[in-house]
Colleague: 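Following this message is one structure expressed as structure tokens.
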Amino acid sequence: MKHDIQRFTGAGVLLLALITLMGGCAGTRPDLEGAWECLQPAAQPGQPPVVKVLVDGHFAFGAGSVDGSAPRAGGGIYAQTGGAYTETITYHWAKALVGQVITFECVMEEGLWHHRGSFVADGERFQIDEVWRRVGEPAPTR
């Protein structure tokens with residue numbers, strides 16, 4: 001029962017963020033506001049991609065599961081200043097990340113959002129190097 005509630009809560013938070021985004025932000029969003037799909041690292045075969053939604057200084061991300069396990073989700077508040085993107089994590093499936101303030105190098109190239117950063121949580125070093133594309137945008141051509 002506890003896992004069912006966690007699964008429902010994670011999916012519900014992501015759905016609420018998507019509904020909020022679609023309801024009133026079209027055409028008025030700053031550079032990063034909107035819904036994003038993670039291209040790199042790519043989702044495992046058969047798994048849905050990670051989606052991140054940024055609205056009014058808040059972010060939520062999540063990836064559903066096809067095997068019935070609890071979704072991986074998290075969120076909090078964000079800020080962007082020049083080439084820096086900072087997340088303050090207020091909830092996360094990995095409890096050690098709650099409360100972390102993480103600053104990433106942030107670059108937009110050809111419509112793709114690249115962000116890189118590293119941090120330590122609960123004694124473990126994390127290295128993040130991700131590439132995101134706005135949901136609904138065409139795949140990059142190379």
Colleague: Which heavy-atom pair separates A43 from P49 by the least distance, and what is that distance?
Modeller: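 Scanning both residues, the minimum pair turns out to be CB-CA, 3.9 Å.
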Colleague: Going through the distances and angles, do K95 and D122 end up as a side-chain contact (heavy atoms from CB on, under 4.5 Å)?
Modeller: CA-CA 9 Å; K95 301 290 186 218; D122 205 22; over 6 Å; no
Colleague: Are F61 and W36, when compared by the centres of their aromatic rings, separated by less than 6.0 Å?
Modeller: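 Not close enough - the centres of the two rings lie 6.0 Å or further apart.
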Colleague: Does the side chain of L32 reach to within under 4.5 Å of the side chain of Y85, using non-hydrogen atoms?
Modeller: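 Side-chain contact under 4.5 Å: yes.
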Colleague: Any sub-3.5 Å donor-acceptor pair from E87's side-chain atoms to T103's backbone N or O?
Modeller: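 No, the answer is negative, given that no donor and acceptor are paired below the 3.5 Å cut-off.
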Colleague: Can you name the nearest heavy-atom pair linking G64 to P48, along with the distance?
Modeller: O-CG, 3.4 Å
Colleague: Output the distance between atom CG (L112) and atom CZ (R133), rounded to the nearest 0.5 Å.
Modeller: 8.0 Å
Colleague: May I ask you to test the H58-Y78 pair for a side-chain heavy-atom distance under 4.5 Å?
Modeller: no
Colleague: Is there side-chain contact between L54 and Q80, with at least one heavy-atom pair below 4.5 Å?
Modeller: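 No, every pair of side-chain atoms sits at 4.5 Å or beyond.
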Colleague: Atom OG1 in T88, atom CD1 in I102: separation rounded to 0.5 Å?
Modeller: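 Going from OG1 on T88 over to CD1 on I102, the span is 8.5 Å.
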Colleague: Looking at every non-hydrogen atom in both residues, tell me the closest pair between G117 and F104 and how far apart they are.
Modeller: N-CD2, 3.7 Å
Colleague: Could you state the interatomic distance from NZ (K52) to CD (E37), rounded to the nearest 0.5 Å?
Modeller: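 Nearest 0.5 Å value for the NZ-CD distance: 13.5 Å.
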Colleague: How are the rings of W132 and H115 set to each other: parallel, tilted or perpendicular (split at 30° and 60°)?
Modeller: parallel
Colleague: Using side-chain contact (heavy atoms from CB on, under 4.5 Å), reason through T90 and V98 one step at a time and then give a plain yes or no.
Modeller: CA-CA 5 Å; T90 57; V98 174; 5.9 Å; no
Colleague: List the atom of A84, the atom of C106, and the distance in Å for their closest heavy-atom pair.
Modeller: C-CB, 4.2 Å
Colleague: What's the shortest heavy-atom distance between G57 and E33, and which atoms?
Modeller: N-OE2, 3.7 Å
Colleague: Under 4.5 Å between any side-chain heavy atoms of F119 and L97, yes or no?
Modeller: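 Yes; the side chains approach each other to less than 4.5 Å.
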Colleague: Ignoring hydrogens, what is the shortest heavy-atom contact between R134 and G34? Give both atom names and the distance.
Modeller: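 Scanning both residues, the minimum pair turns out to be NH1-CA, 3.9 Å.
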Colleague: List the steps and the verdict of side-chain contact (heavy atoms from CB on, under 4.5 Å) for E109 and H114.
Modeller: CA-CA 8 Å; E109 288 181 353; H114 299 255; 3.7 Å; yes
Colleague: Can you tell me how far OG of S118 sits from CZ of R125, rounded to the nearest 0.5 angstrom?
Modeller: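 Result: 4.5 Å between the selected atoms.
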Colleague: Membership question, hydrophobic clusters at under 4.5 Å side-chain separation (ILVMFWY): are W113 and I128 in the same one?
Modeller: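 Yes.
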Colleague: Is M108 linked to F59 within one hydrophobic cluster, defined over Ile, Leu, Val, Met, Phe, Trp and Tyr using a side-chain heavy-atom separation of less than 4.5 Å?
Modeller: yes
